[in-house]
Amino acid sequence: MKTYQPKSIEAKWQKEWEKIGVYRQYARKKKFYVLDMFPYPSGAGLHVGHPKGYIATDVLARMKQLQGYGVLHPMGWDAFGLPAEQYAIKNKIHPEIAVKKNVAMFKKQLQKIGFTYDWEREISTTDPKYYKWTQWIFLQMWKKGLAYESYEPINWCPSCKTGLANEDLEQGKCERCGSIVEKRPMRQWVLRMTKYADRLLKDLDSRKLDWSESIKEQQRNWIGRSEGVEVTFPVAKTEEEIRVFTTRVDTIFGCTYVVVAPEHALIRSLESKITNLGEVKKYIKKSAGKSDMERTELTKEKTGVKLEGMEAVNPFNGEKVPIFVADYVLGAYGTGAVMAVPAHDERDFEFAKKYYLPIREVVASGKQAVSNKYQEKIKEAFIEDGILIDSGEFSGLTSAEARDKMTAWLVKEKLGEKKVNYKMRDWTFSRQRYWGEPIPLIHCEKCGVVPVPEKELPVKLPKVKSYEPTDTGESPLANIAKWVNVKCPKCKGQAKRETNTMPQWAGSCWYYLRFIDPKNRKALVDKKKEKKMMPVDVYVGGTEHATRHLLYARFWHKFLYDIRAVSGQEPFMKLVNQGLILASDGRKMSKRWGNVINPDDMVAQFGADAFRLYEMFMGPFVQSIAWNTDGVVGTRRFLEKVWKLQAKASSTKGDNKVIESLLHQTIKKVTEDIEEFKFNTAISALMIFVNAVEKENHLSLIAYRTFLILLSPFAPHISEELWRALGNKRSIFLAEWPRWDKKKIVSETMNIVVQVNGKLRAILNVEAGSDEEFVKSLALQDEKVKTHLAGKNIRKVIYIQDRILNLVVG
RNA sequence: GGGCGAGUGGUGGAAUGGUAGACACGUUGGACUCAAAAUCCAAUGCUGGCAACAGCGUGAGAGUUCAAGUCUCUCCUCGCCCACCA
């Protein structure tokens, strides 16, 4: 017997598997689609954290194939967008060349680990043959009015020199570079994602969607649906009115002023009537210069200016209240105006205190049935529901009742209506950068916006000398006259191409569909193939994509469903989010900290199989755990033991009952644990089996073969090597996954725990299924039990067959 | 401030309400060796004891139960996400 040398074994089988296409069993009847979130091929290459998810899907894919499924397990590259472009600028290489280089490096690194990826289906979002269809989907959206041009102020990153979507911000800062994001008015393309808000929300509750509650909750919060009422406050002595949105119309009798956002149109239309216009304009200018970050700074005191010379009229009691402009009210949410009820809203309360505005209580907590309006000082806003007071005919109602009745009254009087608002905004979809899909539209002076004809897709990204961003709000593409100036497809007159590009997240919105049919030239995916393979059965990736990729992709998928391009409403059935692998110092692995571990080194030192095993053995898959290279030693030792097992395997005789039972327990444990992503305990079960067999001097051939199959998803190379050493001509991955036999799992004797008052005193080994009388009599003979029973009466006996006997004494 | 999740040996972690610490790392002792590595054997939660053994023990406190790491309540700490959304 040779010694275990992973290097030669692994290279040999990787080549062989690729040659015979062992993973391409697509003709099988049952399908299983298991998908990884495809990576950005960054210049830094892989660190040991990246493959964790890929190994997990690979283990699952291999087991599913052994169980008879035709498994689709593809890999590709999400190579457009800022990370790739910034790397290219920094290293003075064209992004296209940099991406090619990085992809080659990533692929080489991945291939060493021995994945089941079907490289014939490899795709890259930057390939014109791919982004042709990204552009095509955009055009369909444009045709349905879901893509529109907007001039609203958007998030602008001064360092990346591009507009950003709300989803691209982290606490008011650019998610890429950490710069404080400014508000900048500019022309941009926006996708009407809010039109799908309700469906995106509702379908999260579909029982078929097996996602973690935390991700679903994050999406719910991000969509941020709230039901309320829009109420009209006429502006006294004018024809104007202010519409406000509120979820608490029950507090309207406590409204003591109205606030409009600095962006609100009312200010412009009433300019002539505002007596302190200078002051107001100064305030508006000041807040316009503020970033969202500064405007929403929580510690910041609220500021505002009263619009002198005008008042708003409360439709319920006719009361005239002052109007303020204040930047704590957001222009982009609801109507950009609110009714302020300081007694029952924390923000209004704070503002009212500062500007000495009246605070009027109109909701009493349930306990205080009587009005507490004479209370001298109110210390804080009472924001909960309660019983209405001082609210005219509505006094005495509960908040919920009042909301219904007041809304009904408003609707009847045509002074308001029910309204639903969302925190989620439409998706700012254009970027003023080079490295993205060109938006396939043409601007014609005569015809307006004209789509590029479908047969002319893709609109290829032209070669350009300088792909660095400009500061003009235009992408570098705007400087390429030859590319920009085109004939209008409609009138054949002079026209210009749209020069903005799509954001990084565009290509990943539908890539899972392309893997099904990657070379199709006529459609993004063949309908029959789509229907067979979709949805993705298991999708694995990081939790950081909760409110971006996963939301965007669901949005696109629903749109594709609506135009009958796909057959289902949701793309990803089961979603599993892996925990991070941290560096041994507990920080994230990063070049900056110099704590990166390269998988190549691990594979070279311990072998791919030991590396794969360790990543799965570290701990629960969803949990973040620090890397410890010592741990790989353990899984390598385990494989050495497995290697030595071949000396014990022979067909001359069967196994004893203990090993046979353990084998079936192991089949059950490994099968169930892989299905549930509990890889650590599955591996532990394999180790327990090997440790037990080591103590024997014989292992039956059938048990050995079964064990190899169980091990093969985790450690494919060594399993294949040992499998073929048995004389098998076909790959182990074309074998059949074992089933466990319930009868064999149950052993003949059981350990019964004997407790006295709940404390362990003895363990009895008895025949399985023994009755209480028998076990009790045996227990009473036990010396230790006797000591603890001495001088006491047995008051109660709890007996659970094959488990426990508890004697309660006193 | 809101939401979600987690606290178990020296370390990573295991445990359908039923033997807490499986499995692995590390450590200690021993075998093998001129020596080392590798490998093998043994021990390894804490306290007391030569030992048999006894007591204590899953962030803190209470409760339910014959029995709680697990269920309920209160509190503490940490992590992640969201955050002036009216």
Side-chain angles (χ1 to χ4, degrees), chain A residues 3 170-172 212-222 224-226 228 244-249 251 259 261 292 295-298 300 302 326-330 332-341 344-348 350-351 383 421-425 543-544 546-547 577 579-580 584 613-614 617-620 622-635 637-638 640-641 644 678 680-688 690-691 694 751-763 783-784 787-788 795-800 802-809:
Chain A
T3 53
E170 249 170 33
Q171 337 223 300
S212 77
E213 200 43 49
S214 137
I215 297 278
K216 285 200 259 185
E217 198 58 25
Q218 276 183 52
Q219 288 210 353
R220 278 185 205 116
N221 290 341
W222 187 263
R225 182 191 151 97
S226 59
V244 303
F245 174 71
T246 180
T247 56
R248 289 297 304 274
V249 69
T251 64
V259 192
D292 253 13
R295 244 178 96 164
T296 61
E297 189 74 63
L298 265 181
K300 186 206 75 169
K302 296 195 183 349
D327 65 9
Y328 80 89
V329 171
L330 305 172
Y333 183 77
T335 58
V338 301
M339 63 172 208
V341 185
H344 303 293
D345 182 279
E346 280 167 358
R347 295 152 299 182
D348 300 341
E350 195 190 316
F351 191 80
I383 58 168
N421 267 312
Y422 300 94
K423 280 200 245 183
M424 185 175 80
R425 302 291 143 80
T543 161
E544 70 274 15
T547 52
N577 301 107
L580 291 174
S584 48
L613 271 169
Y614 173 65
F617 184 60
M618 287 176 82
V622 297
Q623 196 174 306
S624 292
I625 301 170
W627 178 265
N628 177 14
T629 301
D630 285 345
V632 196
V633 173
T635 49
R637 273 183 203 150
F638 166 67
E640 298 279 356
K641 289 183 190 178
K644 286 178 192 153
K678 285 152 81 176
N680 54 332
T681 48
I683 293 167
S684 146
L686 293 169
M687 288 173 167
I688 290 169
V690 171
N691 289 346
E694 269 198 323
N751 283 337
I752 306 285
V753 172
V754 180
Q755 297 179 336
V756 178
N757 284 349
K759 283 193 177 171
L760 171 72
R761 295 304 173 190
I763 293 171
E783 283 306 318
K784 224 163 131 185
T787 356
H788 288 277
R795 293 194 172 161
K796 200 168 175 184
V797 179
I798 314 284
Y799 179 68
I800 311 226
D802 296 340
R803 276 188 181 233
I804 199 160
L805 176 76
N806 189 7
L807 304 170
V808 185
V809 301

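Since the structure is predicted, the reported quantities are computational estimates derived from the model, not experimental observations. Below, read A as the first sequence line, B as the second, and so on, with proteins coming before strands; counting in each chain starts at 1.
Side chain A/Lys302 to base B/C84: a donor-acceptor pair is found below 3.5 Å. In terms of polar N and O atoms assigned as donor or acceptor, the side chain of A/Asn806 comes within less than 3.5 Å of the base of B/C66 in a complementary pairing.
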I'd like to know whether A/Asn691 forms a side-chain hydrogen bond (donor to acceptor under 3.5 Å, both in side chains) with A/Lys641, so could you lay out the CA-CA distance, the side-chain angles of the two residues, the decisive distance to 0.1 Å, and finally the verdict. CA-CA 8 Å; A/Asn691 289 346; A/Lys641 289 183 190 178; 3.2 Å; yes

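The backbone N or O of A/Asn628 sits less than 3.5 Å from a side-chain atom of A/Tyr614, completing a donor-acceptor pair.
Between A/Phe245 and A/Ala626, the one whose closest nucleotide on RNA chain B sits nearer the 5' end is A/Ala626. Across the interface with RNA chain B, nearest-nucleotide mapping of A/Phe617 and A/Val633 shows A/Phe617 to be the residue nearer the 5′ end.
Spacing between B/A22 and B/G9 at atom C1', rounded to whole Å, works out to 13 Å. Only the C1' atoms considered, B/A42 is 24 Å distant from B/G48, to the nearest whole Å. With both ends at atom C1', the span from B/U8 to B/G69 equals 7 Å, rounded to whole Å.
Regarding contacts with the backbone of B/U39, a side-chain N or O of A/Arg637 is found under 4.0 angstrom from either OP1 or OP2. Residue A/His788 places at least one side-chain N or O under 4.0 Å from the OP1 or OP2 atom of B/A54.
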Polar atom pairs (N or O), protein with nucleotides 43-52 of chain B, under 3.5 Å:
none

